[in-house]
Amino acid sequence: MKLNTLLLSMSCAALTLPLFAQNTRMETFCNPLNVDYTYMIYNSDKGISYRSGADPAVVEFRGEYYMFVTRSHGYWHSTDLQNWNFIPAPANWYPQGCNAPAAHNYKDSLLYVCGDPSGSMSVLYTDDPKKGNWKGVPAILHDLQDPDLFIDDDGKAYMFWGSSNVFPIRGIELDRNHRFLPKGEKKELFGLDLANHGWERFGENHVSDSDLGGFIEGPWMTKHNGKYYLQYGSPGTEFNVYGDGVYVADHPMGPYTYQKHNPVSYKPGGFMNGAGHGSSVLGPDSTYWHFASMSLSINVNWERRLCMFPMGFDNDGIMFCDTRFGDYPHYAPAVPGKKGEFRGWMLLSYKKPVTASSYVKEYTPAALTDEKTKSFWLAEANNDNQWVVIDLQKEAEVCAVQINYHDYQSNMYGRYEGLYHRYYVEGSSDGKNWKILVDRRRSYKDTPNDYVELAHPAKVRYVRYRNLHVPTPHLAISELRIFGKGTGKAPKKVDGLKLVRQADRRDVAISWKPVPGAQGYNVLWGIAPDKLYSSWMVYDENELFMRSLTTTQDYYFCVEAFNENGVAERSEILHCK
């Protein structure tokens, strides 16, 4: 479609065509989570402005949910784990916001939090978190980084903590009836085992020229069927391989045993990477969900977003998360009988041609469809004359749209009231006649990673984003993702799968024959043929060198191909000794 034809058709489309009804109660969600992230002040002395959300502590309290996030100057409330509303911090809150906060619901009577960035902190509590009436326990606990407060069914309280490339995860019993003061001696519970646990190694793809080795941090306790699952993050929050592992014990203070299936939460491939330093919560209909941090790392390493994945325990008591198609639409936690399942909507926009009203230098429109988090389109101006058109190249059924805005030289710090994004998205079969698919023209919500499920799927070839207002000085978008169903055929089953475990048993070389028409592949693996709980998404390539294995563990692998039309049957499962 020529640029001048598109411009001519833009002038009257929004005025002459009726609005599509908006689906206000979406059945799906898509990572990263679309919450009104706070602007960080951590690097304000360097003039670096960015939003971030990390280290989420999510708890159920009286049938509803609360989420505490690092340095956010408040916290979020939800009734369904999908739609979140911000509650500003009270006056007695930690002045810089919680850092790697802890939260615990004690018998639906009191909700506790802690997480002072200094490492010396009081425990705060309330019986009315909606109003934010928090009180402080008159005592200070010292030398805590990444704390986790846990109160057992018998009323005994424990504190777990750790954030270091040297020191292990530690724990101590607290006296809940005496101002949560320490009771007994602190104990070292477990630390890094880099020689055996490949996924704990530092660096992107676990490759680094640093001598740091890896970090262990962010403990979180989950009790299930009488067992204590103490989760931890590693190797570093800025990397695609940031994940959560778990040790299991019969008592909160151990001894702890490394679970055979590890890491539990792990998403190294695809658009948005990372799934570490999180929390696990029992959601609607007694279904577990794991919330975690994803790496954005454009402005600074600590620029992050939030994610959630369905989590569970199998019949052998193995804790696992489902991160397969982990940044594609999934059924939301409150959808009966389907919660957490992959919706089956494929990515229609990958590497499709893009035309824009304008762009600045190297920040071209092509960045909007490359599935690379760190690239972005930057418009020459921030006004309502800016637009983007994606040509899907053939008609497809569009079911959802996700717009990931980027902070380019935003010069914003702290928490702001009244931020909002306004835009609308249109679809066309011929590039001339347009209908509105997503209407945010009257929206006054702050939606930095907006995900919209269409009320009615639309068969279109062209998708056009039209900007009205963003709260930042510049209009920049890192990815404009279109989900739905293509009209062609899904790829065929992968053949020729090969596994070569290396002399360093933490590593394995995986390859397979390329499948014609495949957009990408999911490499699936686990500790048994019926426990393929881990997934690594690979676009375009037909090989993967993985450095995530445990030296003493056998594994099983298979690969599935996918494209915009669907997912192929999985390959044969191979045993990797």
Side-chain angles (χ1 to χ4, degrees), residues 28-38 51-61 64-72 74-87 97-105 111 113 115 129 146-150 217-224 229-234 237 242-246 263-267 272-284 286-296 304-313 319-324 326-327 330-334 339-340 448-449 451:
T28 59
F29 75 97
C30 187
N31 290 317
L33 298 184
N34 181 37
V35 300
D36 49 340
Y37 296 95
T38 300
R51 291 180 187 250
S52 188
D55 318 321
V58 181
V59 291
E60 178 274 332
F61 185 71
E64 298 179 348
Y65 307 93
Y66 295 86
M67 178 168 65
F68 303 86
V69 176
T70 285
R71 300 180 187 269
S72 292
Y75 50 96
W76 284 266
H77 165 257
S78 175
T79 60
D80 57 9
L81 289 181
Q82 182 181 12
N83 300 288
W84 295 93
N85 296 309
F86 188 75
I87 299 175
C98 284
N99 189 70
H104 188 82
N105 171 11
L111 184 62
V113 299
D146 292 12
D148 178 42
L149 177 66
F150 173 73
E217 54 199 23
W220 181 270
M221 175 67 80
T222 299
K223 186 178 182 180
H224 178 75
Y229 294 78
L230 190 51
Q231 299 137 74
Y232 67 101
S234 192
T237 188
Y242 194 41
D244 282 337
V246 68
V264 169
S265 177
Y266 192 64
K267 190 191 175 300
M272 187 70 74
N273 305 142
H277 195 143
S279 58
S280 302
V281 62
L282 197 59
S286 299
T287 300
Y288 277 101
W289 290 84
H290 190 72
F291 287 74
S293 312
M294 307 190 94
S295 174
L296 186 57
R304 294 160 289 182
R305 292 294 186 266
L306 302 175
C307 59
M308 68 174 178
F309 303 105
M311 194 192 88
F313 299 84
M319 173 187 274
F320 66 93
C321 288
D322 181 6
T323 62
R324 175 177 171 264
D327 51 28
H330 283 64
Y331 281 107
K339 57 183 67 69
N449 297 91
Y451 170 74

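Residue numbers count from 1 along this sequence. As the structure is a prediction and not an experimental result, all values here were calculated from the model.
Screening Tyr37, Trp76, Tyr75, Tyr66 against Phe86 for a ring-ring contact (aromatic ring centres under 6.0 Å, His included) leaves a single residue, Trp76. When each of Thr323, Asp244, Asp322, Thr222 is checked for a side chain to side chain donor-acceptor pair (under 3.5 Å) with His290, only Asp244 meets the rule.
The backbone N or O of Asp80 sits less than 3.5 Å from a side-chain atom of Ser78, completing a donor-acceptor pair. Without hydrogens or angle criteria, Arg304 side chain to Ser293 main chain gives no donor-acceptor distance under 3.5 Å. No donor-acceptor pair closer than 3.5 Å links the side chain of Asn449 to the backbone N or O of Asn34. Between the Asp148 side chain and the Met221 main chain, a donor and an acceptor come within less than 3.5 Å of each other. Using a distance-only test at 3.5 Å, with no hydrogens or angles considered, a donor-acceptor pair links the side chain of Trp220 to the main chain of Ser280.
To the nearest 0.5 Å, the span separating CZ on Phe61 from NE2 on His77 amounts to 10.5 Å. From Met311, atom CE reaches atom CZ of Phe320 across 8.5 Å, with rounding to the nearest 0.5 Å. Between Leu230 atom CG and Tyr232 atom OH the span is 10.0 Å, to the nearest 0.5 Å. For the atom pair Tyr266 OH and Ser234 OG, the distance stands at 10.0 Å (nearest 0.5 Å). The OG atom of Ser279 sits 9.0 Å away from the CE atom of Met67 when rounded to the nearest 0.5 Å. To the nearest 0.5 Å, atoms CG (Asn31) and CE (Met308) are separated by 7.0 Å.
With a 4.5 Å cut-off on side-chain heavy atoms, Gln231 and Ser265 do not count as touching. The shortest side-chain heavy-atom distance between Pro129 and Ile87 does not fall under the 4.5 Å cut-off. Taking 4.5 Å as the limit, every side-chain heavy atom of Tyr242 sits out of range of all side-chain heavy atoms of Ser295. Two residues are said to be in side-chain contact when any heavy atoms from C-beta on lie closer than 4.5 Å; Phe68 and Cys98 fail this criterion. Annotation: side chain of Lys339 is not in contact with side chain of Tyr331 (no heavy-atom distance under 4.5 Å). Looking at His104 and Leu111, their side chains never come closer than 4.5 Å, going by heavy atoms from C-beta outward. Residues Trp84 and Leu306 form no side-chain contact, since every pair of their non-hydrogen atoms from C-beta on lies 4.5 Å or further apart. Side-chain atoms of Pro219 and Asp146, non-hydrogen and from C-beta on, do get closer than 4.5 Å to each other.
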Would Thr38 and Val69 satisfy side chain to side chain contact (heavy atoms under 4.5 Å, CB included), going step by step from the backbone distance to the final call?
CA-CA 10 Å; Thr38 300; Val69 176; over 6 Å; no
- Task: Tell me, with the steps shown, if Leu296 and Arg51 meet side chain to side chain contact (heavy atoms under 4.5 Å, CB included).
- Result: CA-CA 10 Å; Leu296 186 57; Arg51 291 180 187 250; over 6 Å; no
Are Asn99 and Arg71 close enough, and set up right, to give a side chain to side chain contact (heavy atoms under 4.5 Å, CB included), and what steps lead you there?
-> CA-CA 6 Å; Asn99 189 70; Arg71 300 180 187 269; 3.3 Å; yes
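Closest approach of Phe309 and Ala275 over heavy atoms only: CE1-CB, 3.7 Å.
Listed by chain and number, the residues in a salt bridge (charged side-chain N to carboxylate O under 4.0 Å, His left out) with Glu60 amount to none (sequence neighbours excluded).
Side-chain contact, His277 with Asp55: a donor N or O sits under 3.5 Å from an acceptor N or O.
Ring geometry for Phe29 against His330 counts as tilted: the plane angle lies between 30° and 60°, on a 0 to 90° scale.
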